[in-house]
Protein chains: 2
Amino acid sequence: MSCETETAIALRDAGQKVTPQRMLILCTVRHAREHVTAPGLIEEVRRAYPFLDPSTVYRTLSSAAALGLVSETDMGAGDTEYEWIGKDRHHHLICRSCGDVTSLDNSYLDSLATALYDELGFRADLGHFAIFGVCAPCRARSGAAAGD
Amino acid sequence: MSCETETAIALRDAGQKVTPQRMLILCTVRHAREHVTAPGLIEEVRRAYPFLDPSTVYRTLSSAAALGLVSETDMGAGDTEYEWIGKDRHHHLICRSCGDVTSLDNSYLDSLATALYDELGFRADLGHFAIFGVCAPCRARSGAAAGD
DNA sequence: CTTGCAAATGCGACCAGTTGCAGTTGCCAT
DNA sequence: ATGGCAACTGCAACTGGTCGCATTTGCAAG
């Protein structure tokens with residue numbers, strides 16, 4: 001089964017229509033080598049179909065996020081990034097000092113999800129987190145790291 | 001020491017000026033009974049000082065967040081909420097189904113912060129998280145809860 | 001008290017994202 | 001094949017937030 005078919009089925013199963021625009025948008029997200037921002041995505045899909053309206057892109061992304069197909073992550077500074085949710089979930093650590101973004105394996109949040117479920121009955125969608133802080137190199141560089 | 005004095009000292013220590021506008025904005029956030037949105041805050045401070053410009057509010061909130069005085073939390077649907085960071089940190093569980101927002105004690109994220117620090121050297125600012133998912137009542141109501 | 005400097009403000013322009021509406025179209029039933 | 005309905009699109013208006021610039025002002029030094 002091709003990835004396009006999978007996408008179409010997911011939309012149809014959710015009672016939504018499969019339109020050429022939506023397929024173009026979602027397949028572009030799916031095949032992006034890294035995270036995409038909405039403006040970047042708009043620019044890219046309009047290369048293939050110049051008449052595609054930005055509001056359609058935003059609406060499609062919003063629907064896809066609600067369906068759990070795509071993650072929406074606030075990376076700070078007003079940048080919301082989108083990524084296709086594959087089988088592997090991961091998160092990001094963002095350094096406030098140098099701006100470096102590194103990946104964080106999902107296992108770190110697994111125990112949190114388990115605790116929320118076991119103790120509170122809350123099934124958390126821990127799809128994609130951007131965790132802000134200060135990275136090890138910056139802490140070492142600032143010299144105040146000893147105070148932590 | 002009054003809370004106003006504390007706020008003034010925090011600003012001054014960070015090399016920033018203590019202006020009447022900023023004091024009004026930050027004290028309004030500090031004394032708000034619940035979270036405030038930027039538009040709501042703008043409306044409230046302009047009741048006291050109608051000439052206060054919205055860009056000043058956004059700038060002040062941004063500076064205060066960078067200083068760790070105020071938390072910025074994306075509550076979904078484009079709503080960013082601000083809250084004064086007191087001694088007790090807490091987080092929110094937001095149900096995608098019914099929209100209910102409940103508080104989550106910080107202890108749930110303490111072990112995550114510890115793991116990030118011990119294993120990766122990353123000092124996380126886990127100031128305020130909005131965790132999306134489905135709450136226990138909604139899961140029970142949907143009947144599909146057994147499949148989890 | 002005066003001066004100087006850099007942070008802050010207000011204003012208006014700009015940008016990104018949202019929303020309502022009229023028209024279009026996917027998809028299902030007949 | 002036809003009809004109906006509701007989801008979707010495109011468009012334009014709107015809202016919220018950002019940014020550059022000129023002016024103002026807090027604050028420290030003399």
Side-chain angles (χ1 to χ4, degrees), chain A residues 4-5 7-29 35-46 48-67 69-70 72-82, chain B residues 4-5 7-29 35-46 48-67 69-70 72-82:
Chain A
E4 272 88 2
T5 310
T7 306
I9 286 173
L11 290 173
R12 211 170 274 129
D13 283 353
Q16 303 192 353
K17 296 185 178 180
V18 179
T19 65
Q21 294 91 332
R22 304 180 103 190
M23 291 303 295
L24 173 59
I25 291 160
L26 294 179
C27 288
T28 304
V29 176
H35 304 173
V36 290
T37 63
L41 182 58
I42 288 162
E43 195 178 314
E44 197 164 338
V45 295
R46 290 183 83 154
Y49 182 58
F51 309 104
L52 211 155
D53 195 81
S55 65
T56 301
V57 176
Y58 287 109
R59 286 167 168 151
T60 303
L61 288 172
S62 179
S63 298
L67 290 181
L69 299 178
V70 164
E72 288 177 308
T73 312
D74 178 11
M75 307 294 277
D79 301 321
T80 299
E81 294 197 347
Y82 298 88
Chain B
E4 272 87 2
T5 310
T7 305
I9 286 172
L11 290 173
R12 212 170 274 129
D13 283 353
Q16 302 193 351
K17 296 184 177 180
V18 180
T19 65
Q21 293 93 330
R22 303 180 103 187
M23 291 303 295
L24 173 59
I25 290 160
L26 294 179
C27 289
T28 304
V29 176
H35 304 174
V36 290
T37 62
L41 182 59
I42 287 163
E43 196 178 315
E44 198 164 337
V45 296
R46 291 183 82 154
Y49 183 58
F51 310 104
L52 211 154
D53 195 82
S55 65
T56 301
V57 175
Y58 287 109
R59 284 167 170 150
T60 302
L61 288 172
S62 178
S63 299
L67 291 181
L69 299 177
V70 165
E72 289 176 308
T73 311
D74 178 12
M75 306 294 275
D79 302 321
T80 299
E81 294 195 349
Y82 298 88

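This one's a predicted model, so the numbers in the text were calculated from it and none came from an experiment. When reading the values below, keep in mind they use all heavy atoms of this one structure, side chains included, and skip hydrogens, waters and symmetry mates. Chain naming here is simple, since letters A, B, ... match the order of the sequence lines and numbering starts at 1 in each.
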Report task. Sequence neighbours left out, what pairs pass side chain to side chain donor-acceptor pair (under 3.5 Å) with at least one residue falling in residues 8-17 of chain A? Result -> Gln16(A)-Arg22(A)
Query raised in the report: Over how many whole Å does the gap from Asp13(A) atom CG to dC28(C) atom C1' extend?
Result: 15 Å
Requested in this report: Mark yes when over 12 heavy atoms from residues, nucleotides or ligands other than Glu43(A) sit less than 6.0 Å from its CD; otherwise mark no.
Outcome: no
Report summary line: Contacts of Thr28(A) meeting side-chain contact (heavy atoms from CB on, under 4.5 Å) (sequence neighbours excluded), chain-then-number -> Leu24(A), Leu41(A), Glu44(A), Val45(A)
Report task. For Glu81(B), enumerate each residue passing the side-chain hydrogen bond (donor to acceptor under 3.5 Å, both in side chains) test, keeping only those at least two apart in sequence or located in another chain. Result -> His35(B)
Report summary line: In whole angstroms, the gap separating P of dG10(C) from CG of Leu24(B) amounts to 11 Å
Query raised in the report: For Ser55(A), which residues count as a side-chain hydrogen bond (donor to acceptor under 3.5 Å, both in side chains) partner, sequence neighbours excluded?
Result: Asp53(A)
**Report entry** Gap between atoms CG and C1', on Leu61(A) and dT19(C) respectively (whole Å)
**Finding:** 17 Å
Requested in this report: Mind checking side-chain contact (heavy atoms from CB on, under 4.5 Å) for Gln21(B) and listing every partner two or more places apart, or none if nothing turns up?
Outcome: Thr19(B), Tyr49(B), Leu52(B), Thr56(B)
For nucleotides 8-10 of chain D, which of its nitrogen or oxygen atoms have a protein nitrogen or oxygen under 3.5 Å away, and what is each distance?
| residue | atom | partner | partner atom | Å |
| --- | --- | --- | --- | --- |
| dC8(D) | OP1 | Lys17(A) | N | 3.1 |
| dC8(D) | OP1 | Arg22(A) | NH1 | 2.2 |
| dC8(D) | OP1 | Arg22(A) | NH2 | 3.4 |
| dT9(D) | OP1 | Thr19(A) | OG1 | 2.9 |
| dT9(D) | O3' | Gln21(A) | NE2 | 3.2 |
| dG10(D) | OP2 | Asp53(A) | N | 3.2 |
| dG10(D) | OP2 | Thr56(A) | OG1 | 2.9 |
| dG10(D) | O6 | Arg59(A) | NH1 | 3.1 |
| dG10(D) | O6 | Arg59(A) | NH2 | 3.4 |

Query raised in the report: Rounded to the Å, how far apart are Glu72(A) CD and dT18(C) C1'?
Result: 13 Å
Query raised in the report: Met23(B) CE to dT9(C) P: how many Å, rounded?
Result: 12 Å
